[in-house]
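In the text below, chain A, chain B and the rest are named by the order of the sequence lines, each starting its count at 1. These values consider heavy atoms only, across backbone and side chains, with no hydrogens, waters or symmetry-generated copies. Keep in mind that this is a model prediction, so the values were computed, not measured.
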2 protein chains.
Amino acid sequence: MDDVDRALIAELQRDAAQAYALLGRAVGLSAGAAHDRVRKLRERGVIRRTTVEVDPAALGQGVLAFVMVDSSAWMGEASESFAAIPEIQEAHVIAGTASVLVKVRTATTEQLQDVLRRLYAIEGVNGTQATVVLETFFERPVRAD
Amino acid sequence: MDDVDRALIAELQRDAAQAYALLGRAVGLSAGAAHDRVRKLRERGVIRRTTVEVDPAALGQGVLAFVMVDSSAWMGEASESFAAIPEIQEAHVIAGTASVLVKVRTATTEQLQDVLRRLYAIEGVNGTQATVVLETFFERPVRAD
DNA sequence: TCTGAAATATAATGTGC
DNA sequence: GCACATTATATTTCAGA
């Protein structure tokens with residue numbers, strides 16, 4: 001995991017569809033060497049997968065909200081309960097008054113309300129505190145360099 | 001933007017490195033037809049780019065926190081001020097008491113503290129309320145199906 | 001661990017349906 | 001808009017340094 005690996009990752013985050021020859025040139029390596037390093041980064045799990053970034057609004061998910069989920073019980077084993085709600089994009093156990101923070105995308109605020117209803121149905125959930133996003137400044141990949 | 005397009009996007013989110021022949025088979029299309037639809041989805045901006053998903057911990061960013069940024073002034077034009085802090089992965093203008101919600105990744109809590117310091121330095125920022133993530137249940141792509 | 005080249009597979013394009 | 005065929009291009013592998 002040296003500077004060349006980090007540069008490769010940064011390039012791949014920018015465009016994972018480019019040829020290895022180009023990728024190698026960007027970091028000062030031959031196509032074969034770039035290929036080899038990327039393969040190892042995948043094997044070691046540093047690179048988890050190649051994926052596409054989509055426009056949520058184009059998929060009919062123009063509403064973004066963060067929801068603090070308050071609970072009475074220990075939520076450390078409740079991962080599946082949250083994963084079962086498809087509108088939830090992220091779920092994190094947090095330190096503080098609430099116990100879980102979730103990121104939710106829906107088409108409408110009515111659907112957001114329905115997600116809150118389903119969150120209340122999870123065993124141990126006491127309350128929710130939803131914060132609706134008015135504008136997203138930016139969402140960018142994990143910093144590689 | 002029909003069900004086939006949505007299925008294509010879901011498949012590409014799972015693995016954007018697969019061949020068009022496989023991709024087409026997964027949604028009941030020939031390789032050429034799949035290729036054509038994906039090209040159009042890119043042109044229309046539904047698919048923004050092909051990228052790689054990385055393990056933040058492997059890049060030395062094991063600390064994740066969400067920070068509510070309170071402000072006195074209107075923060076609607078402050079995008080660049082937040083973007084200038086590389087540890088900030090996402091920044092959203094929100095409805096509610098705070099005005100901006102940011103997602104931050106650092107190596108240590110000391111570095112998180114330093115990010116808070118830099119947030120305070122932004123014109124109009126009154127205070128911050130950081131919530132450290134203890135465990136991430138999941139982070140998954142935008143729902144396509 | 002890299003380079004360079006050869007074999008193999010895929011992408012991209014165009015034609016007809 | 002889809003399927004098929006053809007060309008161009010990239011991936012993948014391997015020998016050698």
* To do: Check the surroundings of atom CD in A:E135: do more than 12 heavy atoms from other residues, nucleotides or ligands lie under 6.0 Å from it?
  => yes
note: A:L41, atom CG; C:dT1, atom P; distance rounded to Å ~ 11 Å
Test item: B:Q18 side-chain N/O and B:D15 main-chain N/O as donor-acceptor pair under 3.5 Å
yes
Here the distance between atom P of C:dA12 and atom NZ of B:K40, to the nearest Å, is 15 Å
Whole-Å distance, A:R37 CZ to D:dT12 P, equals 18 Å
With a non-hydrogen cut-off below 4.0 angstrom, is A:A19 in contact with a base, only sugar-phosphate, or nothing?
-> sugar-phosphate
Atom CG of B:D36 and atom P of C:dA12 are separated, to the nearest Å, by 12 Å
In whole angstroms, the gap separating P of C:dT1 from CG of A:D5 amounts to 9 Å
Main chain of A:A107, side chain of A:Q111: is a donor-acceptor contact present, judged purely on distance under 3.5 Å? yes
*Return no unless some side-chain N or O of A:H35 is found under 4.0 Å from OP1 or OP2 of D:dT11.*
no
Taking C:dC2, D:dA3, D:dT11 as options, the one with an atom nearest any side-chain atom of A:Y20 is D:dT11
In whole angstroms, the gap separating P of D:dT9 from CG of A:L22 amounts to 13 Å
Atom CG of A:D2 and atom P of C:dC2 are separated, to the nearest Å, by 8 Å
| request: Could you go through the ring pair (Phe, Tyr, Trp, His ring centres under 6.0 Å) check for A:F138 and B:H92 one step at a time? | output: CA-CA 7 Å; A:F138 58 85; B:H92 310 272; 8.4 Å; no
When rounded to whole Å, the CZ to P distance for the pair B:R39 and C:dA12 reads 10 Å
